[in-house]
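When reading the values below, keep in mind they use all heavy atoms of this one structure, side chains included, and skip hydrogens, waters and symmetry mates. By convention in this document, chain letters (A, B, ...) are assigned in the order of the sequence lines, proteins followed by strands, and residues within each chain are numbered from 1.
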Amino acid sequence: MPTLTELSAASRWASALTPKQRDKATVRTVPKGGYVCHKGEAVSQWIGVLEGLVKIATTSSEGKLAAFTGIAAGGWFGEGSLLKEEPRHYEAVALRESRIAYVPRAVFLSLLADNTGFGRFLLVQLNERLGLAMSIIEHQRLLGPDGRVARCLASLLNPTLYPEVGLTLHVSQEEIGLLVGLSRQRVNLALRHLQERQLLRTEHLSMTILDLDGLRSFT
DNA sequence: GCATTAACAGCCG
DNA sequence: CGGCTGTTAATGC
C-alpha cells in the first residue's frame, strides 16, 4: 500500500513532511456510506481526501440531517477542531469508496510551527472556506433547488481547495442529491435547467462545466 | 405547485 | 449484469 507516495501526490504541502512525520500518517479505504469520522469524538487527526467524495454533515438530536458541503479529492478538513481542541462538530461520510489520509495532531502542529509554506496553505484554505460559508449565508434563503445544485457544483470545482480538479466533475446525480438534500429526480431536473442555460453539459457519470462564474452566481 | 417516493426502461461500463 | 440516467405516475405538504 503506497501510502507515502499517495500522500505526496495529494498535496504540495506534503513534500514538507519529513520521512518520520510521514510514517505517522495513515491512509485507509472507507467504503461507500462508511464514516470517515464521527461527530462528538475527540479530534486527534487532520483528514484528507486522497480519492473519492466525502460529505460533511451534522445530525441533530432528532436525527435530522443537514449536509454542509462535499469534499472532493485533494481536499483537507478538520483543522478548525484541531486548532480549537474541541470535540468534532460534524461527521463525514464517504459517498463512494474513498481513500482517506489521517495526519496526527502532533505532526499537524509541528508543521504549522516550523513551516511557513504550510501556514500559508492553511490560511488560504480557511479563507476559501469562509468565502464559501458567506456565499451560502448570503443566498441560501433565496435559492431554489436549481440554485442549490449550482452552488454545490461550483463549490466542488473550487480550484483553490481541489487543485487537480479540472472542468469535468465525476459525480453521479445521486451523489449530488445526497450533498444538497434533494431527490435524484429533482437533481436530474435541475441539471437539465442548468444545461439549458449553457452553464454545463451533462454526461454519463460526469459533467463538464462551461461557465463556472455563471454557476456561482446562479439565481 | 412543487418536491418526494416508487417504478421501469434504456444505456453505459 | 449492476449501477446510473431519464421519465412518468401517485402521493404528500
[atom1] of [X] versus [atom2] of [N]: gap in Å, rounded?
X        : N      : atom1 : atom2 : answer
A:Leu178 : C:dC4  : CG    : P     : 11 Å
A:Arg96  : C:dG2  : CZ    : C1'   : 17 Å
A:Met207 : B:dC12 : CE    : C1'   : 16 Å
A:His170 : C:dT5  : NE2   : C1'   : 17 Å
A:Glu174 : C:dG2  : CD    : P     : 17 Å
A:Arg186 : B:dG1  : CZ    : P     : 15 Å
A:Leu205 : C:dG2  : CG    : P     : 17 Å

How is A:Gly177 classified with respect to the nucleic acid when contacts are heavy atoms under 4.0 Å: base, sugar-phosphate, or nothing?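 Since no nucleic acid heavy atom lies under 4.0 Å of A:Gly177, the category is nothing.
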Base, sugar-phosphate or nothing for A:Ser172? Non-hydrogen atoms, less than 4.0 Å. sugar-phosphate
Evaluate side-chain hydrogen bond (donor to acceptor under 3.5 Å, both in side chains) for A:Arg99 paired with A:Thr29, printing each intermediate quantity in order. CA-CA 5 Å; A:Arg99 292 283 288 167; A:Thr29 300; 2.7 Å; yes
Connected hydrophobic set around A:Leu205, excluding itself, where side chains approach under 4.5 Å: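 Other cluster members: none.
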Please enumerate all residues that pass salt bridge (charged side-chain N to carboxylate O under 4.0 Å, His left out) together with A:Arg151, with sequence neighbours excluded. none
For the pair A:Thr160 (side chain) and A:Asn158 (backbone), establish whether a donor and an acceptor sit closer than 3.5 Å, ignoring hydrogens and angles.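 Not a single qualifying donor-acceptor pair exists.
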Every protein N/O within reach of nucleotides 9-11 of chain B N/O, cut-off under 3.5 Å:
none

Got a salt bridge between A:Lys39 and A:Glu41, using NZ or NE/NH1/NH2 to carboxylate O under 4.0 Å?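 Salt bridge flag = no for A:Glu41 with A:Lys39.
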What I want to find out is whether A:Asp213 reaches A:Arg216 closely enough, with some N-O distance under 4.0 Å, to be called a salt bridge. yes
Would you mind listing every salt bridge (charged side-chain N to carboxylate O under 4.0 Å, His left out) that reaches into residues 72-86 of chain A, with sequence neighbours excluded?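 Listed once each, the pairs are A:Glu79-A:Arg129, A:Lys84-A:Glu86.
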Who passes side chain to side chain contact (heavy atoms under 4.5 Å, CB included) against A:Val43, sequence neighbours left out? A:Ser81, A:Leu82, A:Arg88
With the sugar-phosphate defined as primed atoms, P, OP1 and OP2, and the base as all remaining atoms, what B/S/- string results for nucleotides 6-11 of chain C, 5' to 3', for protein heavy atoms under 4.0 Å? BBB---
Counting only heavy atoms not in A:Arg28, do more than 12 fall under 6.0 Å of its CZ? yes
